[in-house]
Amino acid sequence: MSINSNLKSILKTHEGFQYTLIAVSKNHPASSVLEAYQAGQRDFGENKVQEMTEKLESLPKDIRWHMIGHLQRNKVKYIAPYVHLIHSVDSLKLLQEINKEASKNNRTINCLLQIHIASEETKFGLSPEEVHELLNSYEFKALANIRIIGLMGMASNTEDQNLVRQEFKLLKNLFEELKSTFKSDKIEMEELSMGMSGDAAIALEEGSTMIRVGTAIFGTRVY
Ligand SMILES: *Cc1c(COP(=O)(O)O)cnc(C)c1O
């Protein structure tokens with residue numbers, strides 16, 4: 001199967017839903033990104049700063065780059081000039097660093113807060129309590145160059161579709177709750193980034209607005 005036909009088949013599968021498809025190109029070459037671009041894809045996700053920044057140079061400038069992986073504070077400066085959306089914000093300290101670098105670049109950077117929804121211990125993310133604490137904090141309110149536009153989460157990596165669905169429901173409920181509680185120039189809950197190759201259909205049924213799909217577009221990653 002070609003990247004072009006994989007993209008078409010994904011769009012066909014999820015026909016009827018309103019969402020942004022983010023093509024996760026990590027561990028795939030820039031030539032694959034270009035192939036997807038030529039098929040009409042514009043949103044791409046990477047989980048490593050260096051890989052994203054390297055690809056950026058050789059690729060069309062109207063690509064929207066999404067940072068979806070765990071982000072270290074000392075790497076924020078490399079993506080701050082161009083990143084479209086950071087999905088993986090999981091601390092106030094990281095947000096403060098993003099704000100600092102956004103300010104240096106005279107821009108506002110849109111961010112999603114990553115929420116821990118999986119039952120597995122290993123996944124990154126904030127708890128619902130921590131999100132409230134963060135959004136209510138004085139330190140957060142002082143940040144002028146970031147905007148929180150939604151939440152991101154990863155469900156458990158399991159065959160148990162009921163568990164996955166429950167986790168997405170949890171995230172959607174939190175999203176709706178925050179949306180009605182917090183509204184300012186800095187918080188506008190619009191995007192819910194959930195669903196990957198294996199669970200995108202369930203995620204969309206549960207209210208996702210952004211699915212992050214790698215394998216189903218580019219094939220298996222070779223590390
Ligand atoms: C790799 C990755 C994806 C895509 O996973 P696939 O199963 O290949 O679709 C989505 N989200 C995040 C955060 C990832 O790291």
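Order of appearance sets the numbers: ligands from 1, and atoms from 1 within every ligand. Since this is a predicted model, take the numbers as computed values, not measurements.
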Which heavy atom of the protein is the closest neighbour of [atom], given with residue, atom name and distance?
atom: atom 5 (O) of ligand 1; value: M196 CE, 3.5 Å
atom: atom 15 (O) of ligand 1; value: K26 NZ, 2.7 Å
atom: atom 9 (O) of ligand 1; value: S197 OG, 2.5 Å
atom: atom 12 (C) of ligand 1; value: I68 CD1, 3.5 Å

Discussion item. Check for me whether R221 has a heavy atom closer than 4.0 Å to any atom of ligand 1.
Written reply: yes

[X] side chain near [Y] side chain, heavy-atom distance below 4.5 Å:
X: I115; Y: M152; value: no
X: L151; Y: S193; value: no
X: V83; Y: I109; value: yes

Subject >> Sidechain N-carboxylate O distance under 4.0 Å for K93, E97 >> reply: no

With atoms numbered from 1 as shown, which atoms in ligand 1 lie under 4.0 angstrom from a non-hydrogen atom of [X]?
X: T215; value: 6 (P), 7 (O), 8 (O), 9 (O)
X: G214; value: 4 (C), 6 (P), 8 (O), 9 (O)
X: V213; value: 9 (O)

Discussion item. Checking K169 against E206 for the salt bridge (Lys or Arg N to Asp or Glu O under 4.0 Å) test, could you report, in this order, the C-alpha distance in whole Å, the side-chain angles of both residues, the deciding distance, and whether it holds?
Written reply: CA-CA 6 Å; K169 274 188 201 297; E206 298 305 331; 3.1 Å; yes

Next item on the list: List the steps and the verdict of side chain to side chain donor-acceptor pair (under 3.5 Å) for Q72 and K75.
Entry: CA-CA 6 Å; Q72 288 171 297; K75 303 243 171 97; 3.1 Å; yes

With respect to R212, determine whether any N or O atom, backbone or side chain, lies less than 3.5 Å from an N or O atom of ligand 1. yes

Between C111 and L85, the two heavy atoms sitting closest are N-CD1, 3.8 Å

